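Worksheet: the structure to be examined is printed underneath.
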Amino acid sequence: SHGTAITNTANLASSNAVDADDSINFQVDSFPNLGISKSASTDSVGTGSILTYSIILDNTGTDVAYITSVVDTLPSNFIYQTGTTSGFFNDNPTITNNILSWNGLWALQPGSTQIDFNVTVGMTRGLYTNSAGSWGTNVDTTFIIATAPLQVISPELTLLKNVDLATAVPGDTLVYSVLYSNIGDDETSFIFIQQAIPNNTVYLENSAAGVLMTIQYSHDNGFNYDTNQTPPVTNISYQRSTPLGAGMSETIEFKVIIQ
């Protein structure tokens, strides 16, 4: 270890010469050398998901590193999950704004160790990075920024409503359609669309349609729904539980007769 004195002695003996010896003394220089890195359990995740971050401490030196603090700066809309720290230590951090701080005294032998913890991902799409750092009594401060890149994805729905006629007279049939599109970067798992029957029109039975949609009808302005199409139909609901992938679109429609 650091400071250890080592002496090496050589002896010479001969039957016809004077004996001799010599020694060399030196002191061992041994130091820790601490590095840090960080990773995420995936490089792409949906909004609101649970994610595991890992901080890796690497002592590439030849002596023990005495660590007194590890810090991690989360993206501002991510939330640490209490009780999830594990690995080199398992205490909850002190949290100030979005900065996690673990403080104590830990001895890291030459080699590497890992600290894992979970967070709840924020609800805003985008690319997020992290920063992390550590320091101790006998090591230099180490800090990394813009690390562990993570793409947060989510669906985003848009609706575009259309009617097939610009002008009409009583007795004409109008076809209403809605184009719904997922312009986000993740699939959506549930879609619910409600349509009110326009005033002065009557719903045309069996005209409501939509791919992979479960369709129900209201007779009391949307308070209750069933599968009965008996007049008066005041509202129609369309429910889709089959995922709609990113970049995909589908259409629903219904017909009414002008009174």
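Values reported hereafter were calculated over all heavy atoms of this structure, with side chains retained and with hydrogens, waters and symmetry mates removed. In this chain, residues are counted from 1 in sequence order. All of these numbers come straight from a predicted model, not from anything done at the bench.
Centroid-to-centroid, the aromatic rings of Trp102 and Phe88 stay 6.0 Å apart or farther.
The backbone N or O of Ser177 lies less than 3.5 Å from no partner atom in the side chain of Asn162, so there is not a single donor-acceptor pair. Between the side chain of Asn97 and the backbone N or O of Ile99 there is no donor-acceptor pair closer than 3.5 Å. Side-chain N or O atoms of Asp186 include none that pairs as donor or acceptor with a backbone N or O of Pro155 at under 3.5 Å. Side-chain atoms of Asn98 come within 3.5 Å of backbone N or O of Leu74 as a donor-acceptor pair. Judged by distance alone, the side chain of Asn182 and the main-chain N or O of Leu157 form no donor-acceptor pair under 3.5 Å. With hydrogens and angles ignored, the 3.5 Å screen pairs no side-chain donor or acceptor of Asn118 with any backbone N or O of Thr84. No donor-acceptor distance shorter than 3.5 angstrom exists from the side chain of Gln194 to the backbone of Asn235, with no hydrogens or angles considered. Between the side chain of Tyr203 and the backbone N or O of Ala208 there is at least one donor-acceptor pair closer than 3.5 Å. Looking at Thr113, its side chain never comes within 3.5 Å of a backbone N or O of Leu57 through a donor-acceptor pair.
For the residue pair Tyr53 and Asp72, no side-chain donor N or O sits within less than 3.5 Å of a side-chain acceptor on the partner. The closest side-chain donor-acceptor pair between Thr147 and Asn130, if any, does not fall under 3.5 angstrom. Ser134 and Thr142 are linked by a side-chain donor-acceptor pair at a separation below 3.5 angstrom, with hydrogens and angles left out of the test.
Note on ring orientation: taking the six-membered ring where Trp is involved, the planes of Phe78 and Tyr128 are tilted (angle from 30° to 60°).
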Given side chain to side chain contact (heavy atoms under 4.5 Å, CB included), test Asn228 with His219 step by step and report yes or no.
CA-CA 9 Å; Asn228 182 7; His219 313 277; 4.1 Å; yes
Please lay out, stage by stage, how Thr120 and Ile50 fare under the test side chain to side chain contact (heavy atoms under 4.5 Å, CB included).
CA-CA 5 Å; Thr120 301; Ile50 305 302; 3.6 Å; yes
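Heavy atoms of other residues, nucleotides or ligands lying less than 6.0 angstrom from CG of Asp140 number 12 at most.
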